[in-house]
Each structure stands twice: as structure tokens, then as C-alpha cells.
Amino acid sequence: MSAETTGPSSPARDRRAHRMDVGRLRRFGRAAVLGPATRSRLPDAIEHVAQAHRRHHPRAELGALSRAYVLAEHAHRGQFRKSGDPYITHPLAVTLILAELGAETTTLTASLLHDTVEDTEVTLAQVHAEFGPEVGHLVDGVTKLEKVDYGSAAEPETFRKMLVAAGSDVRVMSIKLADRLHNMRTLGVMRPEKQARIARVTRDVLIPLAERLGIQVLKTELEDLVFAILHPEEHARAAGLIKERARLPDPLAPDAEAVRTVLREAGITAEVHIRPRHVLSVHRAGVKRGGLGPCDYGRLLILVGEDADCYAVLGELHTCFTPVVSEFKDFIAAPKFNLYQSLHTAFANDSGQVAEVLVRTHRMHRVAEAGVIALGDPHGGGHGDPGEDGERVDPTRPGWLSRLLEWQQQAPDPDTFWTELRDELAQDREITVFAEQAAEGPLQLPVGATCVDAAYARHGQDAHSCIGARVNGRLATLRTVLHDGDTLHVLLAPDSGSGPSPEWLDHARTPAARIPIRHWLDSRRNARAEARAAAPTAGPKEEPAGRAAAPAAPEPAGSPEEQAAVVADAPATGIRLAGCCTPVPPDEVRGFAVRGGHVTVHRTGCPVTARMTAAGRSPVRVSWRAEAVGCRVTLRAEALGRPHLLADLTEALASHGASVLQAQVEPPREQRVRHTYTLRLPDATGLPRLMRAMRRVPGVYDVARAVRTRA
């Protein structure tokens, strides 16, 4: 079933498998042309499919399979592949791949029909009517979108369509992966540049999907096929090493026999096999280790009956041999996110060579090889529970697929979707992060994810108002990297008027965070651009007697709030409140002309004011307007660290109408913490009251205006 099963060397099996594939294709072609045999109710062409299917499902009803073949053969009659073979040989080969992996009848039926709606006169309605909604859903999920309708977006949008369909039935992706495997096997008839393009998409998208679905058999063969196309010299070198090693006695054979003896004497029933590495695996091992030893071309695979037997085997191996402790991994107690379970270990033999070992049950082995295909019908008998709007919900849908389906809705642009999809699939491991409140449930995130990623995974676009987090009970910044097993509580500002800063993009690792952050920042930029464009056409605002505002400009330096806030005696194209000292009424302020004729307003005590004055810069006299105005201000709170401090401070801010634009919590030092908030207040006169309210929060011993120093 796999390129890594027991028996002769990998190249020999590959050549034999290739000859078998060619022979099957020729028989399929003859059967497709000659039609059904009279001696059996099954057409000759699907006898091999039926035999493989019965090995896994001996009581399967094959009537639908037979009818699907007859329809597909009739629909594809007269069509040929670039190789010259009748086109029907392709869906037959795809179906045989799935049958050998143990796919159930519904998947095989859809596989036979997977190209009919796309390439023939058969309609999706006909498939639904003849074979039912399950088969119709699977066929629709793998049907490509037309380039004539979608242009260059056809490929990414086809994958989006497939993934959405897989959200309610992962069997859609199983068919797509088998389809791509057969196409990759026969890719030699294509032009080299097209081979390379297809191989790159296979490497970036299809292979990671096979990994996430746990279908190791398809993944390893796809990896070797892609490796041969994109890196032919390295592939040839690794294949040559395997061929040379195959001429010699297998150095793992004595180790395998020694393990059999130990387990037999311990009374443990087990199968011990030598599992050869595939070509890319050999290449990677050589690169990692700077060369290959005699035992690096394969691993020992030990299969037992029960989970407890796996640990009994492990105990015997570590007792009777010299274990390499650093190589031990327990993927039974903590399975991988793609359903994989095994014990990994290694021991040194008498000659000092290290033998790697995999220990698993027969059931684990089936799942490790075939992944979700080994689980059969995800709906338990072919009937999924309807969700909202009648959508079927797959109860086995993995967490990474749920995340992908959520963020893809926010990426309508095909290029953005395609780029983010590749980035998402490039993450080859996941971590589990738990909530402080058990009712919220755990989060599955890629390795390297931060509190920003967790905030958007938990709260969606509501995470725009995130101001911090608690990780393992301690306050943490949004850039904090999370680790497997961490507990997390995301802190949101009560006022939804706040939003992310551009720095958040530097800390976001997932598309689910990057896409909404970009959208929010873009919308803010667009809003500011529209305000600037509208500024020259706005009528003059009536000012208090004796004061004149700076004249309007096509591109004012500050926000409309800043332009309502300050009056300058000198003409300027715009007024900006300095971010270093964030002046607010009734602060004493000074203005300084900067490039473009703008005026930047600083507090009198700001270090920048002192430097500019010392440099001979002439100040521009400025003053606050008479009417009440909003303001932006940065406050720094010094406090003794305690639980719920951040929540209490944000509650005080919200109760005084302050919108949190940005928040930073520095790591505690000697049980003291510093919180820095950039706020927007609807009325600057309320700032003293707000600062007093913050000082009343238990644990806070000082609140002051923040001034950023500059080198």
C-alpha cells in the first residue's frame, strides 16, 4: 500500500508498482473500449477496484460503483489523455488509489464521476438524481471553475471552492489528492515548464494538505514525484544511493531479528518490519546528518494489538538495548494534529549504529498510512447533520480546516487568498492553547503564534479592541509568543472605537489575524484620505472673536480633531499635536514650523521643545480654542502587580468614555508593572478626572502623562 512497506528495497518496489500501474491502465483502456464482460455483473475495468475495495469492505454493495463506471465510461467515450490512453483510465486509476487505501463506496463512486461534470455533458443535477446528495456534493467539490469565467483567478478560486466543500466533508480533499497523484505519475507528457508549475503547486498546497489529513501514503509519493521534477540532480543522487545500498545486506536485518527475539521472550505478540525511507526522506536525512550511515536508509516498524502493548514494547527496547533518549517521542499520549499516533525511539546496536524505531498498533498504522480515508464516512452512514441554512457539518473536521474556512471569508481577493493559503499550509506543526474559562474551549494555533493570533482566533474582528492578554495568569504583551499548553485570557477594551496599530502585523503569524488587521488599517487610511480630499471644499467654521484658525490645506498634517483643537497665529497648511508629549487643554504649548509649512504643537516642558529652542528654532504662538474639544493623550500607570489589574484599569478608562487606541504592559520588575495607554477622550477637560479614577484602582500608586524621549 505504501512506498515504505516491508519487503525488497524501495527502488525495486517503485519499478514493480510502475509496471503494475502501466499494466492496469492498459487493461482499463481495453475494457473501456470493449465494454462490460458478460461473465460478471461488474465491468472488467473495475474488477481491480472491486477486489481492492473488498479487502477493506468485504460486505460493500457494489451496484452504485458499477453504475458510476458505466456513466463515466459513456460520458468520456471519445476523449483521450495526452498520453493517448482513453480518458476513462484516469478516473479508474484515481479510484483504484482510493480503494487500495480503504476508501468506502461513496468516495469511490464520486471518484469515478469526478471529471464528468467538468469535462462532459453530464450535469451536477444528473449526478444528484442518480447517486444522491453525498456523491453530488463530493463531485461538485472537486469540479474546477472555468478559466473563461475566472481568468487567472480560476486556480485559487477552485481551491477555495474545494476547501469550503471539504469543510462539510473532508472526503472531497481525499479525491483531489488521489487525482493529483495520478496526474503527477503521468506528468512526463507535459512541457517542462508546465511540469514545474504543477509540481510547485503540489509542493506548496497539495502535499501540506495530505500531511494535515494524515494520508502519509499519498504524501510520500507526491514528495518524491515533486522532488524529481524540481530537483532532478538531488533526486538522482539520493535514488542512486538507495540503489547502491539495495545491493548490500540490510544492516537493520540483525536488529530486527534481535527485537523479535526479545519481544517473543517477553510474551509480546508483535510484527517487526524494516520500513525503507523514500527518496526525499533519504535526501533530508543526509543533509541533516552530513552524510548517511548504514542504518539511515530505513527504520524498524513494530506493530502490536493494543495501546498498552506499545508501552510494553518500549520498556523491553529500553531495557535490552542502549536507548538514545533524545530520540524518544510519545505521539500516542499526545497525537499529532493530523491524527498520527506512534511511539518514536532509537537504540544503538552492538556496532554502535543507531536504529530508529516506530511502535504502533495495527489500527494506528492504518490511520498513519491513510489518515482520514481510514476513518471512512465522516457522517456515520452517509447522513451528515444539517447545520444552519441546511449546510451539512462534518463532525470530524480538523481544527486547522475550521480556521482556514473562517479567514478565507475575509480574503475575497484571489491573490490574497492564494498567498495566505500557502503561508498557512507552510506551518507544519500546531500548539494547543487553553482558555482560563473552560467553557471557551481550547485553541489550535500554529507554532510561533502570538497573543495577537489568539485574539483573532477567539474573537474574530472584535479583537480589534484587544489591549493585552494574560498568559498562564500573568499579564503579557500582544507580541508574546505562545507555547503548547499555555492558558490564555484575551483582554478587550469595552469601547469598540479602538483598533489595531500597524505594529500588530509584525506580531501576527496567521491569516486569521493578518487579513482583518490589514482591512482595518486600510479602511482607516481610506477614511483619512477622504477627509483630506473633502477638507478644501468645507465651508469656514465660525471662530471666537480675536482668534483665527490656520488656513485649510489639501493635505493637513493632523487629524480633523487636531485641526479643531489648536489656533496658530502664523499661517500654516496644517496643525499637528506632537506624539511625543500628546498636549491637551489646558497645557501650556508651543508650536514649531516643520516641513511643508505645517505646525507641530508640543507641551512647554517637552524635551523636544527645549532642543528646538536651543537650536535657534523660532516658536509659533499657538493657543487652545475656547470650545470643548476631544483629545488624544498617552498615560502611564505605575502599579504593584496583581491579578485582574489590567481588567480593572480598562474598566476605569471605559467608565470615563476613553477609547483605547494602543496599550502596552511591560514585564514585571520586582512585582511592579508599568501600563502605558494611548487614549482618545471626547472632552479634554475630563482628563484630570480620568487620571484620578485610575489612581483609585487598587495597586496603582502613580498615573502621569507620558513623554517619549528621543535620541
What are the two closest non-hydrogen atoms of His57 and Gly102, and how far apart are they? NE2-O, 2.9 Å
Across all chains, not counting sequence neighbours, the salt bridge (charged side-chain N to carboxylate O under 4.0 Å, His left out) partners of Asp204 are Arg422
Sub-3.5 Å donor-acceptor pair from the side chain of Glu306 to the main-chain atoms of Ala308, do we have one? no
CZ/Arg245 to CG/Asp296 distance, rounded to the nearest 0.5 angstrom? 9.5 Å
With a 4.5 Å cut-off on side-chain heavy atoms, are Tyr69 and Ile88 touching? yes
What is the ring orientation for Tyr87 with His90, classed by angle as parallel under 30°, tilted 30 to 60°, or perpendicular over 60°? perpendicular
Do Val272 and Leu301 come within less than 4.5 Å of each other through their side chains, counting heavy atoms only? no
Would the distance check show the side chain of Ser111 and the main-chain N or O of Thr107 forming a donor-acceptor pair, the cut-off being under 3.5 Å? no
Does the side chain to side chain contact (heavy atoms under 4.5 Å, CB included) test come out yes or no for Leu187 and Leu225, once each step is laid out? CA-CA 9 Å; Leu187 206 58; Leu225 292 168; over 6 Å; no
To the nearest 0.5 Å, how far apart are CD in Gln216 and NE2 in His365? 10.5 Å
Search all heavy atoms of Thr510 against all heavy atoms of Pro446 and return the closest pair with its distance. CG2-CG, 3.5 Å
Shortest non-hydrogen contact from Leu230 toward Ala196: CD2-O, 3.9 Å
Salt bridge (charged side-chain N to carboxylate O under 4.0 Å, His left out) with Glu193: which residues, sequence neighbours excluded? Arg191
Residues His318 and Thr345: side-chain donor-acceptor under 3.5 angstrom: yes
Residues which pass ring-ring contact (aromatic ring centres under 6.0 Å, His included) with Phe321, listed by chain and number, not counting sequence neighbours: Phe347
Compare all side-chain heavy atoms of His56 with those of Arg366 and state whether any distance is below 4.5 angstrom. no
Grab the two heavy atoms, one from Glu61 and one from Thr105, that are nearest each other, plus how far apart they are. O-CG2, 3.6 Å
Say you draw a straight line from CD1 of Ile207 to CD1 of Ile215; how long is it, rounded to the nearest 0.5 Å? 12.5 Å
Would you give the length of the straight line joining atom NE2 of His53 to atom CG of Leu62, rounded to the nearest 0.5 angstrom? 6.0 Å
Side chains of Leu300 and His273 in contact at under 4.5 Å (non-hydrogen atoms): no
Side chain Gln195, main chain Met190, donor-acceptor under 3.5 Å: yes
Taken to the nearest 0.5 Å, the spacing of Leu482 CG from Asp453 CG works out to 8.0 Å
Would you confirm whether Arg360, through its side chain, and Leu343, through its main-chain N or O, come within 3.5 Å as a donor-acceptor pair? no
Distance check, rounded to the nearest 0.5 Å: Thr269 atom OG1 versus Leu303 atom CG? 12.5 Å
Working for side chain to side chain contact (heavy atoms under 4.5 Å, CB included), residues Cys310 and Thr361: CA-CA 7 Å; Cys310 294; Thr361 66; 3.8 Å; yes
Mind checking whether His235 and Phe227 have parallel, tilted or perpendicular rings, split at 30° and 60°? perpendicular
Pair Ser83, Thr89 - check side chain to side chain contact (heavy atoms under 4.5 Å, CB included), show working. CA-CA 11 Å; Ser83 62; Thr89 59; over 6 Å; no
Quick one, Thr261 and Arg264 - any side-chain contact, counting heavy atoms below 4.5 Å? yes
How far apart are the C-alpha atoms of Asn183 and Ile198, what are their side-chain angles, what is the distance that settles it, and do they pass the side chain to side chain contact (heavy atoms under 4.5 Å, CB included) test? CA-CA 9 Å; Asn183 283 333; Ile198 294 173; over 6 Å; no
Under 3.5 Å: donor-acceptor pair, side chain of Thr116, backbone of Leu113: yes
Check the pair Arg237, Glu234 against salt bridge (Lys or Arg N to Asp or Glu O under 4.0 Å), reporting the backbone distance first and the verdict last. CA-CA 5 Å; Arg237 189 178 303 117; Glu234 291 88 342; 5.3 Å; no
When every non-hydrogen atom of Val313 is compared with those of Val304, the smallest separation belongs to CG2-CG1, 3.8 Å
Is there a salt bridge (Lys or Arg N to Asp or Glu O under 4.0 Å) between Glu118 and Lys161 once you walk through the steps? CA-CA 14 Å; Glu118 181 181 327; Lys161 174 174 175 279; over 6 Å; no
Any side-chain heavy atom of Leu252 within less than 4.5 Å of one from Gln353? no
How about Met184 and Ile229: do any of their side-chain heavy atoms sit closer than 4.5 Å? yes
Is the shortest distance from a Lys or Arg side-chain nitrogen in Arg275 or Glu369 to a carboxylate oxygen in the other one below 4.0 Å? yes
For a quick check under 3.5 Å, do Arg81 and Thr186 share a side-chain donor-acceptor pair by atom type? yes
Can you find a side-chain donor-acceptor pair between Asp179 and His114 that sits under 3.5 Å? yes
Restricting to non-hydrogen atoms, name the atom on Gly141 and the atom on Ala165 that form the minimum distance, rounded to 0.1 Å. CA-CB, 3.7 Å
Flag yes if more than 12 heavy atoms outside Gln51 fall under 6.0 Å of its CD atom; otherwise flag no. yes
Can you label the angle between the His344 ring and the Tyr340 ring as parallel, tilted or perpendicular, going by 30° and 60°? perpendicular
Pro86 side chain near Glu73 side chain, heavy-atom distance below 4.5 Å: no
